[in-house]
Enquirer: 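Below is a structure I'd like to ask you about.
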Amino acid sequence: MTMTLLGALVLTAAKPVLADGMIPETSVVIVNEADGEATMKVTNSDAVASLLHVKVLDIPEDKEPLLLVTPSVARVEAGKTQQVRFILRTGNAPLKTQRMKRASFEGIASQKRENEAGESRVGVGVRQNLPVIIHPKGLARNDSPWTGLQWSLANGKLTVSNPTAYVVRLSPDVTLMPSQTRAQMTKSYVLPGEKLDVSVTGAAASASAVRFVPATVYGFAVKHYDASLNGKNITR
């Protein structure tokens, strides 16, 4: 997940900064088409009441409006929890593959505070940006979708394609084996039907596998995974 301090460019050393924490209960939102919606509990970990602002964000590859969020703005008292609903829009065609969006959870302090020395402290919102996976009705659960990726190496380019119906998330940093040549993919996810490639050095020409660290459906990194290249046997 990423956290962005809002307004950091306009703050000065004369005004110390406090981070106000809205903490989602999980690191990814899963919306099942069969249920029509999903809920997420968000806790205000700060010592004062804050405004919680939630927004669904499109990824560059998918601009279709698939979700509504409610409430989009809510006051959450210190230490209390707010439930947020992500509702599938009606009227969309049935899903054939998993889809991906992102959700922004931002906490904005509703008042200024003073520290023990009586100096004014400015509350600064902390934004957490989480992935949202929308799962089609009837599609089987897959706890390791990264095993379906296809990797190839040719003409100085490493290519990964995703012929499955699942969104695969992974660390962009990959290693070609056994040469230990490192490469970085252009992003941290591969959508269904998508193909990504990246240039690699000549030292990778004899590689038989690519090593990467995938993320589970619920956002946790797991042990690295070695996938074969061009149908070659993996060299251990």
Enquirer: Grab the two heavy atoms, one from Leu57 and one from Ser104, that are nearest each other, plus how far apart they are.
Expert: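 Reported closest heavy-atom pair: CD1-CB, 3.9 Å.
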Enquirer: Applying side-chain contact (heavy atoms from CB on, under 4.5 Å), run through Asn230 and Leu153 and close with a yes or a no.
Expert: CA-CA 7 Å; Asn230 303 331; Leu153 181 64; 4.0 Å; yes
Enquirer: Can you find a pair of side-chain heavy atoms, one from Pro214 and one from Val222, that are under 4.5 Å apart?
Expert: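 Yes, side chains in contact.
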Enquirer: Can you check whether Met22's main-chain N or O pairs, donor with acceptor, with Gln128's side chain at less than 3.5 Å?
Expert: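 Yes, the answer is positive, given that a donor and an acceptor are paired below the 3.5 Å cut-off.
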Enquirer: Would you name the heavy atoms of Ala204 and Ser179 that are closest together and state the gap between them?
Expert: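 Here Ala204 and Ser179 meet closest at CA-OG, 4.1 Å.
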Enquirer: Name the orientation class of the two ring planes belonging to His135 and Tyr166 (parallel below 30°, tilted from 30 to 60°, perpendicular beyond 60°).
Expert: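 The arrangement is tilted - the two ring planes meet at 30° to 60°.
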Enquirer: Nearest 0.5 Å please: distance from the CG atom of Leu176 over to the CZ atom of Arg211.
Expert: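 Between atom CG of Leu176 and atom CZ of Arg211 there are 11.5 Å.
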Enquirer: State, to 0.1 Å, how close Leu191 and Asn162 come at their nearest heavy-atom pair, and which atoms those are.
Expert: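 Reported closest heavy-atom pair: O-ND2, 3.3 Å.
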Enquirer: In Å and rounded to the nearest 0.5 Å, what is the CG to CE distance from Asp173 to Met185?
Expert: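 It comes to 11.0 Å.
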Enquirer: Treating Ile, Leu, Val, Met, Phe, Trp and Tyr as nodes and any side-chain heavy-atom pair under 4.5 angstrom as an edge, say whether Trp146 and Val198 lie in one connected cluster.
Expert: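 Cluster IDs for Trp146 and Val198 match.
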Enquirer: Report yes if some heavy atom in the side chain of Asp58 is under 4.5 Å from a heavy atom in the side chain of Lys63; otherwise report no.
Expert: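 Yes, side chains in contact.
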Enquirer: Show your reasoning for whether side-chain contact (heavy atoms from CB on, under 4.5 Å) applies to Gln82 and Lys80.
Expert: CA-CA 7 Å; Gln82 173 68 45; Lys80 299 300 183 180; over 6 Å; no
Enquirer: With heavy-atom distances below 4.5 Å as the criterion, would you say the side chains of Gln98 and Leu139 are in contact?
Expert: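 SC-SC contact between Gln98 and Leu139 confirmed.
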Enquirer: I need the single residue from Glu194, Glu61, Arg169 that forms a side-chain hydrogen bond (donor to acceptor under 3.5 Å, both in side chains) with Tyr189. Which is it?
Expert: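 Testing each of Glu194, Glu61, Arg169 against Tyr189, the sole residue satisfying side-chain hydrogen bond (donor to acceptor under 3.5 Å, both in side chains) is Glu61.
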Enquirer: Can you check whether Tyr225 reaches Leu170 side chain to side chain, under 4.5 Å on heavy atoms?
Expert: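 When only atoms from C-beta onward are counted, Leu170 and Tyr225 do not touch, as no gap falls below 4.5 Å.
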Enquirer: As an exercise, state the distance from CD of Gln150 to OG of Ser161, rounded to the nearest 0.5 Å.
Expert: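 The OG atom of Ser161 is 4.5 Å from CD of Gln150, to the nearest 0.5 Å.
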Enquirer: Any chance you could lay out the side-chain contact (heavy atoms from CB on, under 4.5 Å) test for Ile30 and Val28, step after step, and finish with the verdict?
Expert: CA-CA 6 Å; Ile30 306 293; Val28 62; 4.2 Å; yes
Enquirer: Val56 and Leu95: same hydrophobic cluster, using ILVMFWY side-chain contacts below 4.5 Å?
Expert: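 Same hydrophobic cluster.
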Enquirer: Nearest heavy-atom pair of Ala207 and Pro178: which atoms, and what distance?
Expert: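 Nearest pair, atom of Ala207 first, then Pro178: CA-CD, 4.4 Å.
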Enquirer: For Ala183 and Val200, work out which heavy atoms get closest and say how close.
Expert: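 Heavy-atom minimum between the residues: CB-CG1, 3.8 Å.
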Enquirer: Could you tell me whether the side chain of Thr26 reaches within less than 4.5 Å of the side chain of Met40, counting heavy atoms only?
Expert: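 Yes - at least one pair of side-chain heavy atoms lies under 4.5 Å apart.
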Enquirer: Are the side chains of Pro192 and Val167 in touch, meaning some heavy atoms are under 4.5 Å apart?
Expert: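 Yes, close enough: below the 4.5 Å cut-off.
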Enquirer: For the aromatic rings, using the six-membered ring if either is Trp, is the centroid distance between Phe212 and Trp151 under 6.0 Å?
Expert: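 Here the rings of Trp151 and Phe212 have centres that are less than 6.0 Å from each other.
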Enquirer: Check Lys137 with Glu33, please: is the shortest side-chain N to carboxylate O separation under 4.0 Å?
Expert: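 Lys137 and Glu33: not salt-bridged.
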Enquirer: Is Val213 linked to Met177 within one hydrophobic cluster, defined over Ile, Leu, Val, Met, Phe, Trp and Tyr using a side-chain heavy-atom separation of less than 4.5 Å?
Expert: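 Unlinked, Val213 and Met177 end up in two clusters.
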Enquirer: Do Ile87 and Val42 sit in the same hydrophobic cluster, where Ile, Leu, Val, Met, Phe, Trp and Tyr count as joined when their side-chain heavy atoms come under 4.5 Å apart?
Expert: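 Shared cluster, no.
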Enquirer: Quick one: pull up NE2 in His224 and OG in Ser171 and give me the separation to the nearest 0.5 Å.
Expert: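 With rounding to 0.5 Å, NE2 (His224) is 13.0 Å from OG (Ser171).
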Enquirer: Report yes if some heavy atom in the side chain of Pro94 is under 4.5 Å from a heavy atom in the side chain of Pro136; otherwise report no.
Expert: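 No, side chains not in contact.
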Enquirer: Rounded to the nearest 0.5 Å, what's the gap from CD1 on Ile133 to CG on Leu130? Could you check?
Expert: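 Result: 11.0 Å between the selected atoms.
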Enquirer: Looking at Lys101 and Asp62, is any side-chain nitrogen of the basic one under 4.0 Å from a carboxylate oxygen of the acidic one?
Expert: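 Salt bridge between Asp62 and Lys101, a charged N being under 4.0 Å from a carboxylate O: yes.
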Enquirer: For the pair Asn44 and Glu77, evaluate side-chain contact (heavy atoms from CB on, under 4.5 Å) and give the outcome as yes or no after the intermediate values.
Expert: CA-CA 7 Å; Asn44 178 10; Glu77 300 297 329; 5.9 Å; no
Enquirer: Output the distance between atom CZ (Arg127) and atom CD1 (Ile108), rounded to the nearest 0.5 Å.
Expert: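 Answer for the CZ-CD1 pair, Arg127 versus Ile108, is 8.5 Å.
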Enquirer: Has Arg89 got more than 12 heavy atoms of other residues, nucleotides or ligands less than 6.0 Å from its CZ?
Expert: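 Check passes, neighbour count above 12.
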Enquirer: Do Val174 and Leu158 make a side-chain contact, defined as non-hydrogen atoms from C-beta onward lying under 4.5 Å apart?
Expert: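 Side-chain contact under 4.5 Å: yes.
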